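All chains are named by letter (A, B, ...) in the order of the sequence lines, taking the proteins before the strands, and each is independently numbered beginning at 1. Predicted, not measured: the structure shown is a model, and the values here were computed from it.
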Amino acid sequence: MYSMIDERYSPEKVESRWQEYWENNNIFRASEDQSKNKYYLLEMFPYPSGKIHMGHVRNYTIGDVVARYKRMNGYNVLHPMGWDAFGMPAENAAIDNKTHPAAWTYENIRTMQGQLKRMGFSYDWEREVTTCTPEYYRWEQWLFLKMLEKDMVYRKESYVNWCEHCQTVLANEQVESDMCWRCGEMVQQKKLWQWFFRITNYADDLLVHCDKLPGWPEKVTVMQKNWIGKSTGSELSFQIEGKDEYIKVFTTRPDTLFGATFMCLAPEHPLVESLSKGTEQEIMVAAFVDKISKQERSSSAIESYEKEGVFVGAWCINPANGRRMPIYTANFALMEYGTGAVMSVPAHDQRDFDFAKKYNLDIIVVIQPKSATADANQSNSINSDSIPAIAILDPATMTEACPEPGILVNSGKYNGMDNVQAMDEITNWLESEGLGKKTVSFRLRDWGISRQRYWGTPIPVIHCESCGVVPVPESDLPITLPEDAHLLDNGGSPLPTLEFFKQATCPKCGRTDARRDTDTMDTFVESSWYFIRYCSPHCTTGMFDMEAVKYWMPVDQYIGGVEHAILHLLYSRYFMRVLNTLGLIDFKEPFTNLLTQGMVSKETLKCPEHGYIFPEEAQFADGKAACRKCGKNVEIGRVIKMSKSKKNVIDPNDLLNKYGADITRLFCLFAAPPEKGLEWNDDGVEGCYRFINRVWRLVATCIEMTKNSVEVNGETTGKSRSQDKIFKPYTGPLSEISDSEAKKLYTKAHQTIKKVTEDIEGSFHFNTAISAVMELVNTMYSIDLTPNSSDEMKTVTLFSIKNVILLLSPIVPHFAEEVWELMGLSVRCQSADSADVKNSDSIQKLGTITEQPWPTYREDALVTDEILVVIQINGKLRSKFSIGADSSDELIQTTALADEIVKKHIEGKPIKKIIVVRKKLVNIVI
RNA sequence: GCCUGGGUGGCGGAACUGGUAGACGCAAGGGACUUAAAAUCCCUCGGAGCAUAGCUCUGUACGAGUUCAAUUCUCGUCCCAGGUACCA
């Protein structure tokens with residue numbers, strides 16, 4: 001029967017067959033089983049943008065390999081998948097294609113689910129969650145009401161990007177160099193009443209726990225810490241000249257108070273208008289505030305604007321020295337941070353220095369850096385490891401601010417004090433005067449969740465003229481998104497135009513002219529708790545079933561793009577804290593271990609006529625590209641992460657059609673370690689196909705060489721005639737093998753098991769794991785394996801090939817199942833001869849490869865007899881030699897010194913030093 | 001701008017805790033097999049030089065430094081990517 005094995009591996013024949021087998025036998029269905037250790041493995045669910053692209057394929061392949069690996073290690077694995085189905089692209093598509101966001105979304109889900117199934121991922125599809133269904137978002141509305149009850153949500157006025165021409169709100173992405181992407185009109189800022197989650201209440205807790213997430217990459221926790229941005233400092237009050245009013249500032253440098261020479265207020269600061277009123281600056285200030293109010297408010301935009309400001313026509317008094325300080329309004333002072341006011345110390349802050357130079361404001365030095373004072377005293381000293389020798393700071397000659405620590409000057413009674421000490425002393429003094437206190441400030445802002453969009457979760461409140469904001473009664477949930485709505489051509493939400501939706505009866509007073517909130521929630525809200533919904537996706541009595549959550553949560557391993565390092569991950573952490581505070585769960589951190597994969601990227605292509613185009617819509621020739629539709633030259637843009645909106649995506653279908661799922665999976669993993677970014681290029685895929693075929697032929701060879709009997713787990717399988725020898729994989733000690741070639745192979749096989757296990761367990765470095773298996777396969781190819789090989793070689797070969805298949809099985813599961821069966825190792829091929837299998841127990845034991853235990857290695861089989869030692873002379877490699885593995889350092893040193901090449905290099909020169917690195921290297925210094 | 005990463009042959013990448021730079025694979029070139037092609041197998045493959053079975057120099061973005069020894073540690077510079085709160 002085995003001579004019937006095909007010459008080449010044919011994925012199209014094999015893959016669908018095994019996918020059906022897994023599905024029909026519910027192999028990946030997860031249920032709470034208290035007797036087993038659970039393992040919740042989660043990949044970030046996708047936004048259903050159309051088709052999956054290589055970024056998804058890579059992410060989900062990594063996850064699937066881990067899921068299958070953990071299953072083989074005996075865990076009860078939960079591996080769910082779903083859809084982050086609300087979002088802006090559905091609205092844009094609806095406008096462009098004259099369809100409905102729901103129709104577009106569900107169609108995409110269908111397509112993408114088909115693609116994922118074709119990849120052979122081991123999801124429990126019974127648990128599929130789709131966030132745009134009322135069954136899902138009703139619980140989000142429910143939670144919103146709970147949060148409202150507990151004052152965890154509030155309303156305030158806040159700005160949005162506004163296009164006057166389209167009469168609509170724009171996302172930051174829809175603003176292209178200050179203009180509306182649809183019509184090109186200059187974008188303005190508009191103030192709207194919006195809902196905010198009080199995430200800042202948890203700022204400290206979120207920050208502190210960043211250091212209690214050992215399973216997270218440090219770069220992610222560092223980014224989150226910086227994002228939260230806790231700074232300790234002081235809040236100081238400056239009296240406005242001639243008034244009994246004070247300006248409060250937050251500063252991290254109270255030690256520089258005596259050097260504060262002017263004050264900057266955010267343009268939206270209420271004092272800006274009131275102070276300038278009636279002064280000759282009034283018009284200038286109003287014009288400036290108006291100009292700033294129209295500018296984009298994203299922090300990258302704000303930082304890119306030139307720092308500028310306008311005098312508001314009033315002064316305040318420096319509480320330290322009574323100095324008159326002009327008050328400015330400046331574009332770099334942010335209302336959202338601190339108190340919206342900044343005391344400016346130009347001598348010691350670069351931004352203030354630049355501002356002072358620009359507007360010709362006073363600069364007073366109040367700290368002399370220690371290095372400068374020391375250098376000044378010993379004029380010729382060269383201080384090699386510090387700042388270039390500075391003379392004593394002089395405002396007249398300074399070219400930049402000096403933020404260095406040092407000794408206070410020009411600071412009255414604090415002169416001569418160390419500046420760090422002065423921070424406390426000056427704050428304490430002002431506190432005693434009632435003008436200051438120590439405080440902390442966070443960069444983190446409350447989470448604005450109101451969106452003036454259609455395709456999102458409706459916010460469950462009603463606005464009543466008599467009662468104000470009234471929560472929708474729980475019994476009225478869900479507030480479903482009306483489906484008979486058409487997107488407006490300008491991109492605006494149709495909800496405010498739908499009278500039947502908007503009209504509501506006030507639950508409190510019964511007024512019938514109340515109106516429903518027509519805003520929807522930020523889609524980050526859905527993705528902040530979907531992972532907990534997976535535990536009990538069909539629960540109708542609450543967000544989740546407590547028992548199921550107790551069993552499965554937290555997520556043991558979360559895998560997704562590093563792009564989500566801050567927002568999504570921080571919001572999810574915040575949401576668990578909310579649920580915890582509400583008493584719904586007993587933990588705070590959702591994800592124990594996190595793997596952030598690097599972005600799969602590709603250059604963008606932009607046609608002057610058709611805008612962004614897909615790679616297949618361009619014709620490439622000598623480094624240039626032309627649009628296939630209009631023939632015009634296409635602008636080849638930067639290499640950026642794949643995204644549907646920029647159309648720089650590669651659909652895996654071509655690869656799947658040509659090579660199948662396994663080769664595609666193998667290639668994605670072999671290309672680079674997961675955390676590294678990947679500029680897409682499929683040049684190496686052919687090599688992966690070759691490798692799989694090498695294994696395929698090796699399997700055929702092994703079957704041929706051992707004929708038709710193999711024993712697994714003590715059970716003989718396959719047909720054996722009495723005259724046949726029965727070969728089974730050798731698993732005994734290395735020392736009992738006499739054939740030196742078999743010995744080497746046995747060692748290599750055990751080393752490979754160790755290497756692959758460690759690469760997966762330690763860092764998910766599948767690329768090196770695959771390399772290791774390739775090496776083992778190469779070793780096997782270097783041996784002449786025939787039916788005439790020694791019995792010893794046959795059993796060692798069987799051990800090796802069995803482990804090649806097991807080690808590869810999480811990566812190329814269809815292929816592995818197939819060859820496992822061909823080798824007579826799976827229960828499936830037993831069905832015809834079930835009499836061979838003595839009892840149902842052994843069926844259980846055999847199973848298919850998916851149910852096999854992960855292989856283990858023998859320590860005794862890892863060691864080799866000889867080691868290679870390299871000889872360096874003055875750090876340069878000159879020679880090397882092999883020596884017994886148990887040789888002493890002394891023996892290694894004398895062997896090295898006796899080396900002919902070494903002798904030639906030394907030529908009687910005196911040896912200054914010899915360094916011997918254990919069993920590795922000798923460095924002779926002459 | 002700011003925060004976080006990254007930069008190694010023609011290409012993707014490897015190198016444990018500072019100890020042989022280039023594992024594994026792709027591409028390329030040469031050869032074997034074949035009527036031919038595909039497939040497969042074997043050999044070469046960072047650069048330069050020389051007295052070419054080999055040897056020497058040089059090389060991990062760039063410039064310094066620490067060390068017997070640096071892709072790895074320190075400082076500085078350049079470039080690229082991710083995020084920057086309404087893309088998800």
Side-chain angles (χ1 to χ4, degrees), chain A residues 7-8 44 46-47 49 84 87-89 92 160-161 169-175 217-220 222-227 229 297-305 307 332 336 385 443-453 522-524 527 561-568 570-571 596 598-599 601 638-641 643-646 667 670-673 675-679 681-688 690-691 693-694 697 758 765 767-768 770-775 778 781 868-877 880 901 912-915 917-918 920-925:
Chain A
E7 270 186 37
R8 308 195 80 187
M44 291 178 184
Y47 177 78
S49 58
D84 188 13
M88 194 179 61
N92 294 330
V160 291
N161 297 314
V169 175
L170 298 174
N172 288 342
E173 196 192 40
Q174 297 173 310
V175 180
E218 200 185 301
K219 61 175 173 185
V220 176
V222 168
M223 279 190 265
Q224 294 215 347
K225 284 189 217 170
N226 290 334
W227 183 259
R297 309 185 76 80
S298 70
S299 60
S300 62
I302 287 170
E303 292 292 340
S304 72
Y305 298 129
K307 310 283 177 280
F332 58 80
E336 297 83 21
D385 63 344
R443 214 186 70 96
L444 182 69
R445 306 199 297 257
D446 276 337
W447 176 10
I449 56 144
S450 295
R451 296 291 180 271
Q452 297 68 43
R453 298 248 174 76
D522 179 6
T523 56
F524 270 123
S527 56
V562 66
E563 51 183 343
H564 293 295
I566 298 175
L567 294 181
H568 162 60
L570 190 67
Y571 290 153
T596 47
M599 301 285 90
S601 60
R638 293 187 311 149
V639 176
I640 57 169
K641 70 165 174 171
S643 83
K644 183 75 184 301
S645 64
K646 298 283 189 291
F667 175 60
F670 186 56
E675 70 280 3
K676 198 173 185 295
L678 197 58
E679 196 174 324
N681 172 356
D682 62 11
D683 281 353
V685 69
E686 193 64 36
C688 290
R690 271 203 283 268
F691 170 64
N693 271 299
R694 274 167 76 77
R697 292 196 308 272
E758 287 176 355
H765 278 194
N767 57 330
T768 49
I770 294 163
S771 293
V773 180
M774 284 175 169
E775 285 188 45
N778 289 348
Y781 263 89
L868 185 71
V869 176
V870 299
I871 313 174
Q872 294 181 338
I873 292 172
N874 289 341
K876 279 185 185 172
L877 178 73
K880 42 186 120 177
I901 301 169
K912 287 184 191 154
K913 200 174 181 182
I914 299 177
I915 292 123
V917 179
R918 250 188 98 249
K920 214 170 224 171
L921 169 145
V922 180
N923 188 11
I924 303 163
V925 186

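Considering only side-chain N and O atoms, A:Lys913 lies under 4.0 angstrom from the phosphate OP1 or OP2 of B:rC68. Between A:Lys876 and the phosphate of B:rC57, there is a side-chain N or O to OP1/OP2 separation shorter than 4.0 Å.
Remark: the separation of the C1' atoms in B:rG29 and B:rG10 is 13 Å, to the nearest Å. For the C1' atom pair drawn from B:rU35 and B:rG46, the interatomic distance equals 41 Å after rounding to whole Å. Rounded to whole Å, the C1' atom of B:rU67 lies 12 Å from the corresponding atom of B:rG19. Across the P atoms, B:rU17 and B:rG12 are found 24 Å apart, a figure rounded to whole Å. Rounded to whole Å, the separation between the P atoms of B:rA70 and B:rG65 comes to 13 Å. Spacing of C1' atoms, B:rA23 relative to B:rC45, comes out at 15 Å, to the nearest Å. Nucleotides B:rU40 and B:rA88 are separated by 47 Å at their C1' atoms, to the nearest Å. The gap from the P atom of B:rC79 to that of B:rA85 amounts to 24 Å, rounded to the nearest Å.
Under the salt bridge (charged side-chain N to carboxylate O under 4.0 Å, His left out) criterion, A:Lys646 pairs with no residue, sequence neighbours left out.
Between A:Gln872 and A:Ile924, the closest side-chain pair of non-hydrogen atoms is not below 4.5 Å. A:Gln174 is listed as a side-chain neighbour of A:Asn92, based on a closest heavy-atom distance under 4.5 Å. Inter-residue side-chain proximity for A:Asn161 and A:Val169 is flagged as unmet; no heavy-atom pair is nearer than 4.5 Å.
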### Message
One character per nucleotide, please: for nucleotides 16-30 of chain B, 5' to 3', B when the base has a protein heavy atom closer than 4.0 Å, S when only the sugar-phosphate does, - otherwise.
### Response
B--BB--BBSSS---
### Task
For each nucleotide in nucleotides 78-88 of chain B, reading 5' to 3', give B when a protein heavy atom comes within less than 4.0 Å of its base, S when such contact involves only the sugar-phosphate, and - otherwise.
---SBSBBBBB
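If you take CD1 on A:Ile566 and NZ on A:Lys225, they are separated by 13.0 Å, rounding to the nearest 0.5 Å. Rounded to the nearest 0.5 Å, atoms NZ (A:Lys644) and OH (A:Tyr47) are 9.0 Å apart.
Side-chain contact of A:Arg694 with A:Asn778: a donor-acceptor pair under 3.5 Å is present, judged by distance alone. Side-chain contact annotation: A:His765 with A:Glu675, donor-acceptor N/O pair under 3.5 Å present.
Nucleotide B:rG5 forms a pair with B:rC80, judged by Watson-Crick or G-U wobble geometry with both contacts under 3.5 Å. Remark: B:rA69 base-pairs with no nucleotide in the shown strands. Criterion, Watson-Crick or G-U wobble with two distances under 3.5 Å. In this structure, B:rC57 and B:rG47 make a Watson-Crick or G-U wobble pair, each of the two defining distances being under 3.5 angstrom. With a 3.5 Å ceiling on both atom-pair distances, the Watson-Crick or G-U wobble partner of B:rC11 is B:rG25. The partner of B:rC41 is B:rG31, by the rule that a Watson-Crick or G-U pair needs both atom distances under 3.5 Å.
Rounded to a whole Å, the CG atom of A:Asn874 is 11 Å from the P atom of B:rA70. Rounded to an integer number of Å, the gap from A:Glu675 CD to B:rG13 C1' is 12 Å. Straight-line distance from the NZ atom of A:Lys676 to the C1' atom of B:rA15: 15 Å, rounded to whole Å.
Glycosidic conformation of B:rG25 is anti; the angle lies outside 90° of 0.
Judged by closest nucleotide on RNA chain B, A:Val220 is the one of A:Tyr781 and A:Val220 placed further toward the 5' end.
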#### Entry: side chain to side chain contact (heavy atoms under 4.5 Å, CB included) between A:Phe332 and A:Ile302, worked out
CA-CA 7 Å; A:Phe332 58 80; A:Ile302 287 170; 5.9 Å; no
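Aromatic ring orientation, A:Phe524 versus A:His568: parallel (interplanar angle below 30°, classes split at 30° and 60°).
Among the protein residues, A:Ala671 comes within range of the sugar-phosphate backbone only, with heavy atoms under 4.0 Å from sugar or phosphate atoms but none that close to a base.
Under a 3.5 Å cut-off, the side chain of A:Arg451 and the backbone N or O of A:Asp522 do not form any donor-acceptor pair.
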